[in-house]
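Notes follow once the structure below has been shown.
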Amino acid sequence: MSDGSSFSITTPIFYVNDVPHIGHAYTEVAADVLARWHRQRGDDTWLLTGTDEHGQKILRTASANEVTPKEWADRLVTEAWKPLLDTVDVANDDFIRTTDERHERGVTAFLQKLYDDGYIYAGEFEGFYCVGCEEYKQPSDLVSGTGAYEGQQVCAIHSIPVEVLSERNYFFRMSDFEQRLLDLYESNPEFIQPDSVRNEIISFVKQGLRDLSISRSSFDWGITIPWDSDHVLYVWFDALLNYVTALGYGSDDDEAFQRLWPSVHIVGKDIARFHAVIWPAMLMAAGLPVPKRVFGHGWLLVGGEKMSKSKLTGIAPSEITDTFGSDAFRYYFLRAITFGQDGNFSWEDISARYQSELANGFGNLASRIVAMLNRYFDGAVPARGPLTAADEAIDALAKSVTERADASIAEFAPHDAIATIWELVDALNGYITEQEPWALAKDDAQRERLATVLVTALRGLGTVAVLISPVMPKATEKLWASIGAGGSIAEQRVDRAWEWQGADTAVPLESGLFPRIEQVEQGAA
Ligand code: MSP
């Protein structure tokens with residue numbers, strides 16, 4: 001299995017019953033930023049994403065639209081879920097669909113193994129089922145309905161009535177793993193993060209685990225249970241296995257699995273339980289290593305509530321990227337929201353940050369430095385003379401920012417990493433204001449000092465560009481064409497960003513990195 005230098009990271013696989021909203025895009029972007037950062041520090045990196053296509057929820061949506069579930073899934077994957085990756089600029093290494101043959105093959109092998117080893121048995125079950133969650137609910141998970149659902153018990157997450165299901169089906173002996181899971185959480189505190197999610201899961205498991213019903217016979221849209229063709233597999237058991245089937249588990253070629261597993265899972269906190277309880281128990285039963293980490297991020301809230309399509313608060317990612325671009329989308333959500341906590345989205349906030357932090361903060365800094373090198377040195381980058389304390393402070397800050405940002409990413413704190421990088425942006429803006437290169441330029445005797453100031457600023461700018469490139473690949477690539485020494489900025493090492501010394505020339509930027517936005521469409525404001 002992999003050593004410390006591999007970084008395999010996954011997003012949840014998304015239900016194809018509907019089109020993506022910015023909550024889904026947030027998960028994708030967070031995982032992508034972490035993956036790009038690790039790739040740019042030389043780790044053997046793999047980003048997996050995909051779609052969850054079986055189960056009752058998809059079946060019902062397809063029936064309502066008078067198509068087969070596979071036709072529905074094909075349409076949504078082609079028209080909505082794969083295009084989302086372009087919209088928010090995600091560089092995934094693989095895209096798995098639970099209807100892929102490779103997935104179905106791996107799932108079948110896994111199930112058969114658990115059955116043969118005695119971890120699956122036949123039994124009876126009755127309970128409250130929420131189709132929105134695709135999960136049986138405990139009475140404590142339910143609340144009283146309002147409006148059209150007055151007098152009924154509804155799911156607290158989806159606000160829709162639960163259904164009473166009674167089935168004879170197959171069960172996974174999850175209760176066998178209660179103590180082993182608690183030992184895992186205890187011995188590896190990093191396994192579930194952040195602590196709020198970890199504590200919730202530990203107390204859930206301490207209440208006692210019941211065996212899990214893993215098959216359904218009332219519909220057939222799923223993977224057939226290998227030893228009983230009247231049953232299909234429970235959609236979550238099917239979906240969780242994507243993380244290993246995508247790497248070749250259960251196939252003739254499992255090189256990627258050997259090299260990259262175990263992975264890190266980025267998930268919304270609402271589905272952390274599936275990933276931190278059911279999934280490791282499944283892996284333990286199969287004798288496979290558990291994930292490296294399950295990180296449960298918070299929810300995007302609109303007007304204080306979890307944004308969702310079913311509650312009509314869904315915002316399409318393109319509504320934001322059409323105005324601000326994908327870089328600003330990525331920057332905004334990762335900077336404004338502490339990763340692991342809920343965060344409120346507002347058009348006012350994204351507009352304000354775009355203007356002050358991106359256009360005025362970073363964009364102007366880049367334009368000014370490149371323009372002055374062209375105005376005063378014809379774009380030929382000069383050598384630095386003796387350094388003053390102010391120059392040395394910028395060099396030292398570039399080094400410390402690089403190290404601290406790298407450490408924040410290692411701790412899954414992209415918001416901290418970005419805030420740290422902005423210390424350098426702000427310091428460079430302050431440095432230029434104080435050093436007044438335009439005044440130095442008026443005095444021929446200050447030529448060497450002018451060169452030192454501009455090159456110190458340029459070096460700092462290059463460090464910022466490399467460090468922020470995993471977050472804003474497009475703007476930084478454009479800047480790199482101006483100040484870089486060729487190649488793509490994606491090839492630059494983030495962990496050595498401070499060492500960058502500048503190229504021989506600085507070519508004028510064709511246009512600003514963050515164009516002025518005249519008027520913001522406040523579609524959902
Ligand atoms: N198909 C399952 C996951 C299976 S993984 C083996 C699923 N799909 S989902 O499409 O409903 O949700 C996918 C992800 O989007 C989840 O991590 C969920 O938390 C996230 N989000 C959905 N709405 C969200 C917000 N409003 N805010 C942030 N993330 C949100 O669950």
Side-chain angles (χ1 to χ4, degrees), residues 9-31 48-58 61 73 76-77 80-81 84 88 90 95-100 103 106-107 110 130-135 155 157-158 160 197 222-223 233-246 263-280 282-283 291 294-317 320 329 333-334 336-345 524:
I9 182 166
T10 68
T11 71
I13 50 172
F14 299 88
Y15 287 130
V16 291
N17 61 310
D18 210 340
V19 296
H21 58 54
I22 57 176
H24 305 124
Y26 175 60
T27 308
E28 287 282 5
V29 165
L48 173 67
T49 189
T51 42
D52 191 351
E53 305 184 7
H54 291 130
Q56 231 164 329
K57 181 154 60 182
I58 315 296
T61 308
L76 268 280
V77 167
W81 288 96
L84 168 69
V88 293
V90 167
F95 187 101
I96 187 153
R97 301 179 53 178
T98 52
T99 50
D100 284 349
H103 176 71
V107 169
F110 184 92
C130 170
V131 177
C133 295
E134 292 279 16
E135 186 187 23
C155 164
I157 296 176
H158 288 90
I160 55 170
V197 176
I223 297 179
L233 182 60
Y234 168 45
V235 63
W236 268 101
F237 219 78
D238 165 352
L240 288 162
L241 283 162
N242 90 86
Y243 301 128
V244 294
T245 59
S263 306
V264 163
H265 300 313
I266 302 295
V267 300
K269 63 180 180 180
D270 49 328
I271 60 169
R273 226 190 249 183
F274 296 93
H275 287 80
V277 181
I278 301 179
W279 179 223
M282 288 165 66
L283 290 161
V294 175
F295 191 99
H297 66 67
W299 287 343
L300 292 193
L301 310 176
V302 172
E305 260 202 72
K306 182 186 181 211
M307 193 195 47
S308 80
K309 279 296 237 188
S310 55
K311 293 184 181 166
L312 299 177
T313 49
I315 300 171
I320 296 176
F329 183 104
F333 284 107
L334 289 196
I337 300 172
T338 299
F339 198 50
Q341 291 179 16
D342 293 350
N344 210 59
F345 167 78

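Quantities reported herein were computed from a predicted structural model and do not represent experimental measurements. Keep in mind that the numbers below use all heavy atoms, side chains included, and drop hydrogens, waters and symmetry copies. First listed ligand is number 1; within each ligand, the first listed atom is number 1.
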Self-check item: Heavy-atom donor-acceptor pair, W236 side chain to C133 backbone, under 3.5 Å
Solution: yes
Quiz item: Does E28 use its side chain to pair, donor to acceptor, with the backbone of T11 at less than 3.5 Å?
Solution: no
Quiz prompt | Partners meeting side chain to side chain donor-acceptor pair (under 3.5 Å) with R97 (sequence neighbours left out) | solution = E53, D74
Self-check item: Value rounded to 0.5 Å, distance of CG in L240 from CZ in F274
Solution: 8.0 Å
Quiz item: Taking only residues two or more places apart in sequence, or in another chain, which ones meet F333 in a ring-ring contact (aromatic ring centres under 6.0 Å, His included)?
Solution: F329, F345
Exercise. Below 4.0 Å from any atom of ligand 1, which residues have a heavy atom? Give them in chain and number order, please.
Key: P12, I13, F14, Y15, H21, G23, H24, T27, D52, W236, A239, L240, N242, Y243, V267, G268, D270, I271, H275, H297, G298, W299, L300, K306, M307
Quiz item: Partners of F237 by ring-ring contact (aromatic ring centres under 6.0 Å, His included), sequence neighbours excluded?
Solution: F172
